Student: 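This is the structure I have questions about; it appears just below.
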Amino acid sequence: MANYYSDHPEIAFHLEHPLMKRLVELKEKFYEDKDKFDFAPVDYDDAIENYRQILDITGDVAANIIEPNSESVDLEGPHLENGRMIYASKTFENLDATRKAGLHGVSMPRRYGGLNLPNVVFSMLSEVISAADAGFQNIWSLQSCIDTLYEFGSEEQRQKYIPRVCAGETMSMDLTEPDAGSDLQRVMLKATYDEKEDCWRLNGVKRFITNGDSDIHLVLARSEEGTKDGRGLSMFIYDKRDGGVDVRHIEHKLGIHGSPTCELTYKNAKAELCGSTRLGLIKYVMALMNGARLGIAAQSVGVEQEAYNEGLAYAKERQQFGEKIINFPAVYDMLSRMKAKLDAGRALLYETAAYVDVYKCLEDIERDRKLTPEEKQEMKKYQRLADAFTPLAKGMNSEYANQNAYDAISVHGGSGFIMEYKSQRLFRDARIFSIYEGTTQLQVVAAIRYISNGTMLNNIKEMLAELKSSQLSPLTSHLLERIERLIPVYEDALNHAKGLDNQDAFDFLARRLYDITAELVMSLLIIRDAAKAPELFCKSANVYVRMAEEDILGKAAYIKAFRAEDLESFRAAEPETEEDSE
């Protein structure tokens, strides 16, 4: 019987991440739950075995329930009835299966009914479910919104809402509005305090809300009258049981049809303030979005895997000119690149998730006791790494998912364009990954300060030094030497871009610097993985380093030949003058 976890040992490999022992120790708060809950792990090995069992259950549900339902869900999609969103019928089956399997509240502490799993394992679960149906992964993974409530809500709110999510109730984050997409400072949904009822009231419209008719919503709204920027925004909790929110429209989308994208109208809806006023955007949404971006990275890796699976299976069966097409260089070149991107992207995902785990767990421990100076330093270190790596993981994996889905269709030839084949659905589903939760261009904006100030260059040099001091095979040693030769090329390109002393020119080149940075990081990570598990990763490491070399040298040459005055050649039109706008 198929299993989307155990069929891919590359996933289980990442349970042996170098930080795993430390992050599990911190997540379990040094195994303090072992005396309070019978099912809590007593030590590291027990925790890892628990993770393996949960992953195996998820892999079974994904392969044998969610994936077989995916075509029906894609064709049916959600419905709008009397102001309510109704899931596709098979989506209800998927939710029922994940609830019965106990796959909700996965990150929450056991005292609220959760599984207390770290981000690394949550990301693995997300990847596995996404491979089966990326649209359903959206619905299921939005349970991670509860992390923000846990982090910033009151204990009363935790007791009220977290057990419900652990029992399988759904969540959404209501941020975007018709006039506020990427620029969330323009959010105008109005929040007013109702002194008579001792609650807040929400009025306005939200648009492009994933799973918008969920049970529990986190809502960004303007609580400070007369303000127009992010300092006037606060975060609120809306409970569907209280009413006051209707679904006005369900978007008809290119892909992820099972994931309802809703336009909502708030009419005097009762809500609770989450945390403090004025911090909704500048603190709470940033935390919410970083978690969501890691979720999209996991979603992307799942589709990268499934696209590769589909392409490989077809190439093994399809014959042309009396030979299986998998033997044609043009085809196995595509497939090898797909696998290399998958393995390198997955390595970046779990590296980032591990960084997030360490600092988030230390933050949680700090709520109960004062951290030691060493722990504070550790928390700051991994928070910086998480902030720098998250936009790389989201941006690169979302792009790789698109590329792998595109190539899967190419491997299929004309059949890939036919609706009966899954590759077309993967292609349609993947397209949104590089758009929502911050476009790739916004991931570049988020990452570029860590690139321009030398943080990522130092990280790359540290990763290189660590690898050079480890045991490497002749192949991995050779690959590492090739990457080492690229680092001065990267440094020269970065210095040239900064030396232009022109912000527009630097911003224009930023995407190329971002790509080079990410490809160097992923090359080092895939070499590290190949050194530990050559049977799984040596081929991908060899292919990925060659790809990176080709791309980095080309982009570095482009950057180093660029002059500030070259910008004028690229402007699509002359900037509008005040006279033009009138």
Side-chain angles (χ1 to χ4, degrees), residues 4 61-98 126-143 170-174 176 181 206-215 247-264 292 295-296 298-307 309-310 398 401-402 404-406 408-409 412 415-437 439:
Y4 271 30
V61 170
N64 300 299
I65 298 174
I66 298 171
E67 195 284 330
N69 285 342
S70 61
E71 182 67 15
S72 172
V73 170
D74 182 64
L75 292 172
E76 180 185 350
H79 315 281
L80 181 60
E81 295 181 13
N82 300 317
R84 298 269 66 86
M85 181 278 298
I86 310 296
Y87 292 121
S89 55
K90 294 292 184 179
T91 300
F92 287 108
E93 288 187 19
N94 295 342
L95 282 167
D96 185 56
T98 55
S126 287
E127 176 193 335
V128 165
I129 289 174
S130 177
D133 184 347
F136 180 71
Q137 188 265 0
N138 267 348
I139 297 168
W140 175 85
S141 70
L142 275 166
Q143 63 176 281
T170 56
M171 292 197 74
S172 63
M173 49 180 181
D174 302 5
T176 309
K206 290 289 182 182
R207 191 184 182 201
F208 292 155
I209 307 304
T210 301
N211 203 33
D213 204 15
S214 66
D215 298 304
V247 180
R248 184 159 73 182
H249 175 66
I250 299 175
E251 303 293 345
H252 301 289
K253 308 188 298 289
L254 176 68
I256 55 167
H257 289 168
S259 171
T261 304
C262 304
E263 184 168 311
L264 308 176
I296 304 306
Q299 183 182 46
S300 298
V301 171
V303 169
E304 289 166 45
Q305 177 72 68
E306 195 70 357
N309 291 349
E310 289 295 303
S398 63
N402 275 276
N404 275 17
Y406 180 99
I409 289 178
H412 281 71
S415 296
F417 201 65
I418 304 301
M419 297 301 282
E420 283 80 4
Y421 284 84
K422 188 196 292 188
S423 55
Q424 55 76 26
R425 174 163 56 83
L426 296 174
F427 182 68
R428 289 187 288 107
D429 287 352
R431 188 60 192 91
I432 189 62
F433 300 166
S434 58
I435 299 172
Y436 62 10
E437 310 309 341
T439 63

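Keep in mind that this is a model prediction, so the values were computed, not measured.
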Student: Specify the closest pair of heavy atoms between Q424 and I409, including all atoms of both residues, with the distance to one decimal.
Tutor: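 Scanning both residues, the minimum pair turns out to be CA-CD1, 4.1 Å.
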
Student: Could you state the interatomic distance from CG (N94) to NZ (K90), rounded to the nearest 0.5 Å?
Tutor: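 So the CG of N94 and the NZ of K90 are separated by 9.0 Å.
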
Student: Show your reasoning for whether salt bridge (Lys or Arg N to Asp or Glu O under 4.0 Å) applies to R425 and E310.
Tutor: CA-CA 11 Å; R425 174 163 56 83; E310 289 295 303; over 6 Å; no

Student: Judged by atom type as modelled, is there a donor-acceptor pair below 3.5 Å linking the side chain of S172 to the main-chain atoms of G212?
Tutor: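 A pair under 3.5 Å: no.
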
Student: Whether the side chain of D96 engages the backbone of F92 through a donor-acceptor N/O pair (distance < 3.5 Å, no angle test) should be reported.
Tutor: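 Between the backbone of F92 and the side chain of D96 there is no qualifying donor-acceptor contact (under 3.5 Å).
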
Student: Is any side-chain heavy atom of K422 closer than 4.5 Å to a side-chain heavy atom of E67?
Tutor: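 Yes. Closest side-chain heavy atoms under 4.5 Å.
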
Student: Kindly say whether G255 contributes a backbone atom to a donor-acceptor pair with the side chain of D429 at under 3.5 angstrom?
Tutor: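 Pair absent, no side-chain N/O of D429 close to backbone of G255.
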
Student: Is the shortest heavy-atom distance from the side chain of I66 to the side chain of Y4 under 4.5 Å?
Tutor: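 Not touching, per the 4.5 Å side-chain cut-off.
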
Student: Taking all non-hydrogen atoms of both residues, which atom of A408 and which atom of A307 are closest, and how far apart?
Tutor: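 Result for this residue pair: CB-O, 3.5 Å.
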
Student: Closest approach of T98 and V61, non-hydrogen atoms and distance?
Tutor: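 Closest approach of T98 to V61: CG2-CG1, 4.4 Å.
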
Student: Is it true that a side-chain atom of S130 and a backbone atom of S126 form a donor plus acceptor pair closer than 3.5 Å?
Tutor: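 Between the backbone of S126 and the side chain of S130 there is no qualifying donor-acceptor contact (under 3.5 Å).
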
Student: Other residues, nucleotides and ligands only: do more than 12 of their heavy atoms fall within 6.0 Å of OH on Y406?
Tutor: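 12 or below, so no.
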
Student: For N211 and Y87, which I'm curious about, is there any donor-acceptor pair between the side chains at under 3.5 Å?
Tutor: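 A pair is found: one side chain offers a donor N or O, the other an acceptor, under 3.5 Å apart.
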
Student: Between V303 and F433, is there a side-chain heavy-atom distance shorter than 4.5 Å?
Tutor: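 Yes, close enough: below the 4.5 Å cut-off.
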
Student: D74: what forms a side-chain hydrogen bond (donor to acceptor under 3.5 Å, both in side chains) with it, not counting sequence neighbours?
Tutor: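 Partners of D74 under the side-chain hydrogen bond (donor to acceptor under 3.5 Å, both in side chains) test: H257, R428.
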
Student: Quick one: pull up CG in L142 and CD in Q137 and give me the separation to the nearest 0.5 Å.
Tutor: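 The CG atom of L142 sits 8.5 Å away from the CD atom of Q137.
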
Student: For the NE2 atom of H412 and the CZ atom of F427, what is their distance to the nearest 0.5 Å?
Tutor: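 So the NE2 of H412 and the CZ of F427 are separated by 13.5 Å.
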
Student: Any chance you could measure E71, atom CD, to D133, atom CG, to the nearest 0.5 Å?
Tutor: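 Result: 10.0 Å between the selected atoms.
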
Student: Closest approach of A63 and P68, non-hydrogen atoms and distance?
Tutor: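 Minimum heavy-atom separation between A63 and P68: O-CD, 3.3 Å.
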
Student: Could you tell me whether a side-chain N or O of E76 sits under 3.5 Å from a main-chain N or O of S89, the two making a donor and an acceptor?
Tutor: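 Flag set: sc E76 to bb S89 pair under 3.5 Å.
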
Student: Between atom CE of M85 and atom CD1 of I250, what is the distance when rounded to the nearest 0.5 Å?
Tutor: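 Spacing of CE (M85) from CD1 (I250) equals 6.5 Å.
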
Student: From N138 CG over to I296 CD1, what is the distance, rounded to the nearest 0.5 angstrom?
Tutor: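 The CG atom of N138 sits 5.5 Å away from the CD1 atom of I296.
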
Student: Compare all side-chain heavy atoms of R207 with those of E251 and state whether any distance is below 4.5 angstrom.
Tutor: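 Contact flag for R207/E251 side chains = yes.
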
Student: How far apart are the closest heavy atoms of T210 and S259, and which atoms are they?
Tutor: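 Scanning both residues, the minimum pair turns out to be CG2-OG, 3.4 Å.
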
Student: May I ask you to test the I129-S141 pair for a side-chain heavy-atom distance under 4.5 Å?
Tutor: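 When only atoms from C-beta onward are counted, S141 and I129 do not touch, as no gap falls below 4.5 Å.
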
Student: Check for a donor-acceptor pair, side chain of T261 on one end and backbone N or O of F208 on the other, with a separation under 3.5 Å.
Tutor: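 No, the answer is negative, given that no donor and acceptor are paired below the 3.5 Å cut-off.
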
Student: Does Q143 reach the main-chain N or O of W140 with its side chain, forming a donor-acceptor pair under 3.5 Å?
Tutor: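 Such a contact is found between Q143 side chain and W140 backbone.
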
Student: Between F136 and N69, is the side chain to side chain contact (heavy atoms under 4.5 Å, CB included) condition met? List the steps.
Tutor: CA-CA 10 Å; F136 180 71; N69 285 342; over 6 Å; no

Student: Which atoms form the tightest heavy-atom contact between S434 and N402, and what is the distance?
Tutor: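 Looking at all heavy atoms of both residues, the closest pair is OG-ND2, 3.7 Å.
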
